[in-house]
Protein chains: 2
Amino acid sequence: MNIGRAAEASGVSAKMIRYYEDIGLIEKPARTAAGYRRYSEAEVNTLSFIRRARNLGFSVEEIRALLALWRDRSRASSDVKALAMKHIADLNTRIAELKEMADTLDHLARNCHGDDRPHCPILESLAAPVIGETQPREGQPPEA
Amino acid sequence: MNIGRAAEASGVSAKMIRYYEDIGLIEKPARTAAGYRRYSEAEVNTLSFIRRARNLGFSVEEIRALLALWRDRSRASSDVKALAMKHIADLNTRIAELKEMADTLDHLARNCHGDDRPHCPILESLAAPVIGETQPREGQPPEA
DNA sequence: ATGGGGCTTCCAACGGTAGGAAGGTCAAGG
DNA sequence: CCTTGACCTTCCTACCGTTGGAAGCCCCAT
């Protein structure tokens, strides 16, 4: 199977297949006499595995570990689970960060009239965060 | 004020200040005779503005637009609000994506014993997604 | 004047992905 | 046999934002 077919079958672009080979995530495949990469079903399975893991947000390094566990028939499922739990925690951290951004911005946007007048709490907050009730006379833009 | 002081005062690293200058996000500052960058209070305010906007997840290009609005005293607050709302939508999209990853993985991890035995639904799911109830005989790792 | 810290510029790396250029190969149809 | 077009090869570039380092200059204190 050529790289184009393998890409189609696995859902990993040919570009990325070459990249994964380059960084040693996958083994170097066999080559035809002309130098074309040839992929077996098993290799396409590996690529699909990688794609699904990426879809779950695993980093390439995490996938490297997952692949090692996958190939190790005598692995302990606790090792896999630990990796997954760690990743879930990472995801939740990022979710919390994004959520805090969205909430903060949502709060500011809610207090913004959104009309044709210039007054805008969003810009004011960026210019200087609100401290208590008083608006300190700071945060004027330059060249204004 | 030297770049180091400006970095300290604004919370933007000296490296990033130079980068922002390089990409034209901020104006080129005055220089001392020796070529050192000199920053005014107003310029530090701009840097703080940028830092806060980055903390809210705005991209550099979005910040470019925000800065333009900030400097435009006759802006319409609706323009700022539209930008913010768009960004909130982007954040919510990313949150939803991450949440789906976390939920999927959480579901898999919940079904994983996490003991010293090799059986593991997480790896099985990566090897081949579950279709209905039947487990197709696919997704074996290579060289196994 | 010597040392240490700050400043300057320039170059590279990170993680993943995508785009393109220049050239070789394969299969089909004339 | 030859052409055409789709595919493959390698190599270089860019994206985004941030960090690190090297080599060299500048400023201040001892």
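Order of the sequence lines fixes the chain letters, A, B, ..., with proteins taken first and strands second; residue numbering starts at 1 for each chain. Owing to the predicted nature of the structure, the values given are computational and were not obtained by experimental measurement.
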The side chain of [X] lies closest to which of these nucleotides: [options]?
X	options	value
Lys15(A)	dG19(C), dT17(C), dT18(D)	dG19(C)
Ser59(A)	dG16(C), dT9(D), dT9(C)	dG16(C)
Ala34(B)	dC27(D), dG24(C), dC26(C)	dC27(D)
Ser13(A)	dA18(C), dC26(C), dT18(D)	dA18(C)

| How many angstroms lie between NE2 in His119(B) and CD in Glu124(B), if you round to the nearest 0.5 Å? |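 The CD atom of Glu124(B) is 5.0 Å from NE2 of His119(B), to the nearest 0.5 Å.
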| Just by distance, do the side chain of Asn2(B) and the backbone of Gly4(B) share a donor-acceptor pair under 3.5 Å? |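 No: the side chain of Asn2(B) does not pair with the backbone of Gly4(B).
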Counting any heavy atom closer than 4.0 Å, what does [X] reach on the DNA or RNA strands: base, sugar-phosphate only, or nothing?
X	value
Thr32(A)	nothing
Arg54(A)	sugar-phosphate
Arg31(B)	sugar-phosphate

Atom [atom1] of [X] to atom [atom2] of [N]: distance rounded to whole Å?
X	N	atom1	atom2	value
Asn2(B)	dG6(C)	CG	C1'	8 Å
Arg5(B)	dC27(D)	CZ	C1'	14 Å
Glu62(A)	dC14(C)	CD	C1'	16 Å
Glu21(A)	dT17(C)	CD	C1'	17 Å
Leu25(B)	dG17(D)	CG	C1'	12 Å
Tyr39(B)	dG6(C)	OH	P	16 Å
Ile63(B)	dC16(D)	CD1	C1'	12 Å
Glu8(B)	dC7(C)	CD	C1'	15 Å

| Over 12 non-hydrogen atoms of neighbours within 6.0 angstrom of CE in Met85(A) |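 It does not: Met85(A) CE has 12 such atoms or fewer within range.
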| said: Can you tell me if Tyr20(B) touches the phosphate of dT18(D), counting only side-chain N or O atoms and a distance under 4.0 Å to OP1 or OP2? | reply: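 Tyr20(B) to dT18(D) OP1/OP2: side-chain N or O found under 4.0 Å.
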| request: Answer yes or no: does a side-chain N or O of Arg37(A) lie under 4.0 Å from OP1 or OP2 of dT10(D)? | output: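 Arg37(A) to dT10(D) OP1/OP2: side-chain N or O found under 4.0 Å.
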| task | Would you please test Arg75(A) and Leu123(B) for side-chain contact (heavy atoms from CB on, under 4.5 Å) and show each step? | result | CA-CA 11 Å; Arg75(A) 80 232 158 200; Leu123(B) 287 182; 3.5 Å; yes
| field | Audit row: Asp103(A), Lys99(A), salt bridge (Lys or Arg N to Asp or Glu O under 4.0 Å) steps and yes/no | value | CA-CA 6 Å; Asp103(A) 286 350; Lys99(A) 198 160 182 319; 3.4 Å; yes
| task | On DNA chain D, check which nucleotide each of Ile3(A) and Tyr19(B) is closest to and give me the residue with the more 5' one. | result |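 It is Ile3(A) whose nearest nucleotide is closer to the 5' end.
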